[in-house]
Every structure is written in C-alpha cells, then in structure tokens.
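Note sheet for the following structure.
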Amino acid sequence: MINILVTGANGQLGSELKRISDDNIIVFEKQINFVFTDIDTLDISDSNSLQEFFKERSFDYIINCAAYTNVDLAETDKESAYNVNATCVKNITDALKNKDLSTEQAGTKFIHISTDYVFDGNSHIPYTEVMPTNPQSVYGSSKLDGEKFALENDKSIVIRTSWLYSSYGKNFAKTIHKLCQEKESLNVVFDQIGTPTYAYDLAIAILQIVKQSIKENNFITGLYHFSNEGVCSWYDFAKIIADKANSKCIINPIESKDYPAPVKRPFYSVLNKNKIKSTYNIKIPHWQDSLNDFFKILTNN
Ligand SMILES: NC(=O)c1ccc[n+]([C@@H]2O[C@H](COP(=O)([O-])OP(=O)(O)OC[C@H]3O[C@@H](n4cnc5c(N)ncnc54)[C@H](OP(=O)(O)O)[C@@H]3O)[C@@H](O)[C@H]2O)c1
C-alpha cells in the first residue's frame, strides 16, 4: 500500500487530485491510499500538530497544494503570505526530518508547487528552470523562499506553474465566464503573455510522476516547469471563454497601465516545459483543448 498525503486539498489543484483519485483516472501498479487534508484537518502552519500528525502516520509521498494565493492581498498581509508559502514548507520538511520518525517516514518524497511569479516577467523567451529568478511581489518572494526550503530536502520535486484555473475555486476563467454573461463589455489586458494551466492537467502530471516513481523508482528531484502548451494574452484567454459561452459581451483589449492593481503582473510568464516532458515522458495538452474539457465540466455536458 502506498500512502499519499495531499495538503491544501480543498483548493483548485487539490480538488482536481481528489477528482482524479475518486474516478480512478490514473491506474497505479500498487494500491494507493490518498489522505486529503486542508487547514481544518491539518494546518501546516502549526508545526506541533504537523509533527504529531507525522508521528502517527507514515506517507510515501506528500503533495503540498496548500498556499497563500491572493497575490494582491499578500502585499499588505506579508506575514501570512510568508508563513503559508515559505515557513509552512519548512515545517513539513522539518517534520519529515524528525529523528522520532520511522525509517519509512524518513523516505517520504515531497512534491511542492510554485509559480511563474518567481520571475520578473522581462524575458522574451520561455523561462527554463535555470534562468535567474527576480520576484516583483511579496507573493513571488514568499513562493521563492518556499521553493528553497523544499529543495533543501533531498527528496523534493518543485513544479512551477502559471495561470492556474479549474472548475473548483476562484480563478480568471470562471470569473470571465460569469461576467461575460452579466455585462455588455469587459476590459482585459492584452500585453501580458503567458500560458493557462488547467489544474486537472497539472494534477495528472503530478500523479504520472508518482506512478513512474512507484513503478520504476525514478523520482528525479529538483525544479520543473509545467503549464499547458501554447501561448496567449489574458485578452485572448477571455475572448475564447466568452466565445465558448456564446456570450455577446464585447471583450476590449487594454494595456496593463490602464488596469491598475496593487501588484504589477509579469508581462511575460511563458514557461519552458522541456525538462518535465523529457524526464517524465509527459504529454501536455494545448491550452485551448484543455479549456474545452474545463467547459464540459463547468457546464456539465
Ligand atoms: N492560482 C494560480 O493562478 C497559481 C498560479 C501559479 C502557481 N500556483 C500555485 O499552485 C499551487 C496550487 O494553487 P491553487 O490555485 O490550487 O491554490 P488555492 O486554490 O488557493 O488552494 C490552496 C489551499 O490551501 C489552503 N491553505 C491555506 N493555508 C493553509 C494552511 N496553513 N494549512 C493547510 N492548508 C492551507 C487554502 O485554504 P483557504 O482557502 O482556507 O486559505 C486552500 O484550500 C499553489 O502552490 C500556488 O501558489 C497557483
């Protein structure tokens, strides 16, 4: 029996992992026992509870989906953002190092998720894992610190992703889908370029890594990038969502300077995914194909 803990499981990514496990979408070589927790059942900021939790149970894999993801609020709520995105990651890896743990527990493999916000967005070519980071926000800095803590542990994989959306939780795709049915027009920035990531596809990729690790014992640690294939602006993304929703709402392209926000968003956040594709033989769908899948779930057909 392989035991997998998913923290922050009520969020977008955690919910997709749960959906995949409930529907047995990935078939593993061995029997899998998933344990899904969120802040109400396992608050990863409480290091004592975390230590106790790991004393009682042992896990082969931990997938940390818990995060402070409100980019704008993080600017004024800095302490909480650093606590969840950085200190909590250290809490988990420290708990795994605890001397009282069994040998089996000490072998736990850790998969942590990070973000394109660790970069400054000034690149003109897709970001690889070795390109220099330069976060421009509290969120980005806190996530970068979290990556460092995760990678200090010698059995960790960190996957950076971008523009995450799902039928679960709050995200750009759901917001535009709702607003385009309520409003006659919407202004959306067209000078920020990136790639949407359907959280379902990221969840599948994570579980493929776990599956290969179980089957072939090849858990290759380190940093990886993952998003869907393709490139677009937020305007393109919104336009296609409105079209798919058969909405008459007019989507107006605007510049970032005309859409003030507490945090300056990266102008360019396309991630190069060659490393994860070649290391784990992962096939990544194009963002427009995944958006179709998202729509089927969102509209239940
Ligand atoms: N969303 C994006 O566009 C995006 C882009 C790039 C990377 N990422 C990264 O991808 C990962 C998954 O993101 P997501 O969108 O699925 O996040 P999410 O929907 O915000 O989910 C995060 C979950 O973690 C929970 N949580 C917060 N503090 C916790 C604590 N102390 N203990 C346990 N659980 C806690 C949250 O609960 P509450 O809701 O109660 O706080 C929430 O259920 C994160 O690492 C994020 O930084 C996200």
Side-chain angles (χ1 to χ4, degrees), residues 5-20 35-50 53 62-74 77 79-92 95 110-119 121 127 133 135 137-147 149-150 156-176 192 194-203 205-206 223-228 234 237 263 265-266 269-271 273 287 294:
L5 171 68
V6 179
T7 54
N10 294 345
Q12 300 190 79
L13 180 60
S15 299
E16 294 289 6
L17 284 162
K18 186 154 193 317
R19 172 159 77 100
I20 293 163
V35 175
F36 292 94
T37 60
D38 205 281
I39 193 160
D40 52 341
T41 42
L42 180 63
D43 179 351
I44 60 168
S45 68
D46 181 347
S47 50
N48 289 335
S49 313
L50 207 52
F53 184 84
I62 297 174
I63 305 171
N64 181 29
C65 301
Y68 185 109
T69 53
N70 190 325
V71 174
D72 288 329
L73 200 60
D77 192 15
E79 204 178 315
S80 305
Y82 271 96
N83 185 30
V84 182
N85 292 339
T87 312
C88 284
V89 180
K90 191 168 179 334
N91 288 346
I92 296 176
F110 183 51
I111 300 178
H112 178 67
I113 314 302
S114 191
T115 171
D116 55 308
Y117 276 69
V118 298
F119 296 114
Y127 283 104
T133 52
S137 59
V138 168
Y139 172 71
S141 303
S142 67
K143 292 295 293 183
L144 184 60
D145 282 1
E147 287 185 1
F149 287 132
S156 295
I157 281 178
V158 174
I159 305 176
R160 291 181 183 141
T161 191
S162 63
W163 298 23
L164 204 63
Y165 73 97
S166 158
S167 55
Y168 303 101
K170 282 189 198 158
N171 55 66
F172 178 85
K174 281 175 76 178
T175 302
I176 295 293
Q192 293 169 24
T195 314
T197 305
Y198 186 28
Y200 172 87
D201 294 331
L202 175 57
I206 291 170
L223 255 180
Y224 293 88
H225 286 175
F226 184 96
S227 68
N228 280 115
W234 287 111
F237 193 23
V263 171
R265 264 59 181 175
S269 55
V270 181
L271 299 174
K273 302 163 290 279
W287 70 266
F294 159 79

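Atoms within a ligand are numbered from 1 in the order they appear, just like the ligands themselves. Not measured: the values here are computed from a predicted model. What you see below is based on every heavy atom in this structure, not just the backbone, and it leaves out hydrogens, waters and symmetry mates. Residues take their numbers from the sequence shown, with the count starting at 1.
Look at Ala9 and you'll find every heavy atom at least 4.0 Å from all atoms of ligand 1. Look at Gly169 and you'll find every heavy atom at least 4.0 Å from all atoms of ligand 1. Distances shorter than 4.0 angstrom occur between a heavy atom of Leu42 and an atom of ligand 1.
Considering both main-chain and side-chain atoms, Asp116 never comes within under 3.5 Å of ligand 1 through any nitrogen or oxygen pair. Distances between N or O atoms of Val84 and those of ligand 1 include no value under 3.5 Å. Of the N or O atoms in Thr115, none lie within a sub-3.5 Å distance of an N or O in ligand 1. Between Cys88 and ligand 1, no N or O atom pair is found at a separation short of 3.5 Å. For ligand 1, the polar-atom distance check finds an N/O of Ile44 within less than 3.5 Å of one of the ligand's N/O atoms. Some N or O of Leu13 is nearer than 3.5 Å to an N or O of ligand 1, by distance alone. At under 3.5 Å, not a single nitrogen or oxygen of Thr161, backbone or side chain, sits near a nitrogen or oxygen of ligand 1.
From the protein, the heavy atom lying nearest to atom 20 (O) of ligand 1 is Thr69 OG1, 2.7 Å. Remark: minimum distance from atom 29 (C) of ligand 1 to any protein heavy atom is reached at Ile39 CD1, 3.8 Å. With hydrogens left out, the protein atom closest to atom 22 (C) of ligand 1 is Cys65 O, 3.5 Å, a heavy atom. The protein non-hydrogen atom at the shortest distance from atom 23 (C) of ligand 1 is Gly8 O, 3.6 Å. Given atom 11 (C) of ligand 1, the protein heavy atom at minimum distance is Ile113 CG2, 3.6 Å. Of the protein's non-hydrogen atoms, Gln12 NE2, 2.9 Å is the one closest to atom 15 (O) of ligand 1. At the shortest separation from atom 21 (O) of ligand 1 among protein heavy atoms lies Gly11 CA, 3.2 Å.
At least one donor-acceptor pair closer than 3.5 Å links the side chain of Gln12 to the backbone N or O of Ser166. In this structure, Asn64 contributes its side chain and Ala66 its backbone to a donor-acceptor pair below 3.5 Å. A donor-acceptor pair under 3.5 Å links the side-chain atoms of Thr197 to the main chain of Ser162, judged by distance alone. The main-chain N or O of Ala150 is found under 3.5 Å from a side-chain atom of Ser156 such that the two form a donor-acceptor pair. Here the side chain of Ser141 pairs no donor or acceptor atom with the backbone of Pro135 at under 3.5 angstrom. A side-chain donor-acceptor contact under 3.5 Å links Asp38 to the backbone of Asn10.
With a 4.5 Å cut-off on side-chain heavy atoms, Leu42 and Leu5 count as touching. For the pair Tyr68/Ser142, no side-chain contact is recorded, criterion being any heavy-atom separation below 4.5 Å from C-beta on. Residues His112 and Phe149 form no side-chain contact, since every pair of their non-hydrogen atoms from C-beta on lies 4.5 Å or further apart.
Residue Trp287 comes nearest to Tyr165 through the heavy atom pair O-OH, 4.1 Å, listed as atom of the first residue, atom of the second, then distance. In plain terms, the two heavy atoms of Arg160 and Glu147 that are nearest each other are NE-OE2, 2.6 Å. Nearest heavy-atom pair, Asp201 versus Phe226, reported as atom, atom and distance to 0.1 Å: O-CZ, 3.6 Å.
Set against the non-hydrogen atoms of Asp43, the atoms of ligand 1 under 4.0 Å away are 30 (C), 31 (N), 32 (N). Residue contact check: Ala66 has heavy atoms under 4.0 Å from atoms 24 (O), 33 (C), 34 (N), 35 (C) of ligand 1. Close contacts of ligand 1 with Ala67, meaning ligand atoms under 4.0 Å from a residue heavy atom, involve 22 (C), 24 (O), 27 (C), 44 (C), 45 (O), 46 (C), 47 (O). Set against the non-hydrogen atoms of Lys143, the atoms of ligand 1 under 4.0 Å away are 44 (C), 45 (O), 46 (C), 47 (O). Applying the 4.0 Å criterion to heavy atoms of Asn10 picks out, from ligand 1, the atoms 43 (O).
Taking a distance limit of 4.0 Å, we find that atom 17 (O) of ligand 1 is approached by some protein heavy atom. Proximity of atom 41 (O) of ligand 1 to the protein is not indicated, since no non-hydrogen protein atom lies closer than 4.0 angstrom.
Checked for salt-bridge contact, Arg265 and Asp72 meet the test: a charged N lies under 4.0 Å from a carboxylate O.
Ring planes of Trp163 and Trp234: parallel class, angle under 30° (limits at 30 and 60°).
The heavy atom nearest to atom 3 (O) of ligand 1, considering only Asp38, Leu164, Leu202, is found in Leu164. Nearest to atom 8 (N) of ligand 1 by heavy-atom distance, out of Phe226, Tyr117, Tyr139, is Tyr139.
Atom NZ of Lys174 is surrounded by more than 12 heavy atoms from other residues, nucleotides or ligands within 6.0 Å.
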